[in-house]
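First listed ligand is number 1; within each ligand, the first listed atom is number 1. Only a predicted model underlies this, so the values are computations on that prediction, with no experimental measurement involved.
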Amino acid sequence: MITLEQVAKSYQHQYDALAPLSLEIAAGEFVVLLGSSGSGKSTLLKLINRLLEPDQGEIRLQGRPVRDYDPVSLRRNIGYVFQGIGLLPHWSVVDNVLTVPRLRGDDEDESYQQAFDWLDRVQLDAKRYAQRMPDELSGGQQQRVGVARALASGADLLLMDEPFGALDAITRDELQGMLKALQQSLNKTIVFVTHDLFEAIRLADRIVVLHQGKIEQVGSARELINEPATPFVENLFSKPLQALDDLRLR
Ligand code: ADP
Ligand code: MG
C-alpha cells in the first residue's frame, strides 16, 4: 500500500530529520513508528500525506507517487489523527465527524446517519454526545471523536501521531483496545507514531524503530525482543524488561 524508497528530509542541515530510508507497508497492516522525541517520527508521517515534501527519494501509495496526487484530495483520503486532536472547537461533535463527507458533497441524511454509527463504533453514545461541543468532552472522548472523524472520511489509511499521548493510562488502554479491534474488523491500514514501548507492543503488527532519523530495525515485537539488530534496539527493550524483572519477588 505504501512504499518509501530512499526517502530523506532535512530542515537545517543535511539529513537532520531523516536519513535516506526505505520501508514498505502492506494494506491492512498496523505499523507503529517507535522512537524518542526528535527521532523523525512525525516527519515521516507528514511525508506520506504531503504535509511535507521529501528532499529526495520517492513515496508511493497504491503504486502511484504521492507527488502525482493533488495534495488536498490526498489528505482528504487519508485519515490523520494527532495528539492535539484538531477538532474544530466551534463545531459540534457530529459536525466534526461530518467534515469530509460534507466536503465531498455526500448525501447529508445518509452521512448524518453514518456519523452516528461511527460515534457508536468508537464507543461514544451518539444520542448523548453528537450535539455537544468538543470542550464539553473529556480528552479521551475527544480522541474518540477524532478517530470517528478519520473513519467517517472513508479513508483506508489512517496516520496517527501520538494520538493517545496526553491521556491517562486507563483511558489510553481503553482507546488502544478500541482502535486495535476497529482496525482488525475494518481492515484499515494504520501508521501510528508513539514513543511508548508498551503502546507499540500492544498495537503493532510491525514496529519500525527510529533513532536519529534512521531505521534501526523493523519487525514484530517478538522479533525485536528476541533478535535485536542493533545495541539501540536491544537496550530499548531490555531496560524496561529488566526493571520489571528486578521488582519480581523470588
Ligand atoms: P519526532 O516526531 O520523532 O519527535 P520530528 O519528526 O518532529 O521528530 O523531528 C525530527 C527532527 O527534525 C528533530 O531534530 C526536530 O528538531 C527537527 N525538526 C522538526 N520539524 C522541524 C522544523 N519545522 N524546522 C526545523 N527542524 C525541525
Ligand atoms: Mg512528533
Between E227 and R222, is the salt bridge (Lys or Arg N to Asp or Glu O under 4.0 Å) condition met? List the steps.
CA-CA 8 Å; E227 297 155 53; R222 182 164 276 143; over 6 Å; no
So do L51 and Y80 actually touch side chain to side chain, heavy atoms under 4.5 Å?
yes
For S37, the atoms of ligand 1 under 4.0 Å from one of its heavy atoms are 4 (O)
Identify the closest protein heavy atom to atom 8 (O) of ligand 1: which residue and atom is it, and at what distance?
G40 N, 3.2 Å
Protein residue, atom and distance nearest to atom 7 (O) of ligand 1, heavy-atom basis
S42 CB, 3.9 Å
Applying a strict 4.0 Å limit to heavy atoms, is S39 in contact with ligand 1?
yes
Output yes when R206 and E24 qualify as a salt bridge under the 4.0 Å nitrogen-oxygen rule, no when they do not.
no
Would D95 and R102 count as a salt bridge (Lys or Arg N to Asp or Glu O under 4.0 Å) here? Give the steps.
CA-CA 9 Å; D95 286 338; R102 279 181 178 154; 2.9 Å; yes
Heteroatom proximity flag, G38 to ligand 1, N/O under 3.5 Å
yes
Closest protein heavy atom (residue, atom, distance) for atom 6 (O) of ligand 1:
T43 OG1, 2.5 Å
Does R67 pair with E53 as a salt bridge, N-O distance under 4.0 Å?
no
Any protein heavy-atom neighbour for atom 15 (C) of ligand 1 (distance below 4.0 angstrom)?
no
Are any N, O or S atoms from S42 nearer to the Mg ion (ligand 2) than 2.8 Å?
yes
Taking atom 25 (C) of ligand 1 as the reference point, the nearest protein heavy atom with its distance:
Y11 CB, 3.3 Å
Atom CG of L249: over 12 foreign heavy atoms under 6.0 Å
no
Taking atom CG of L244 as the centre, report whether more than 12 heavy atoms of other residues, nucleotides or ligands fall under 6.0 Å from it.
yes
Enumerate the atoms of ligand 1 whose separation from the nearest heavy atom of S36 is less than 4.0 angstrom.
3 (O)
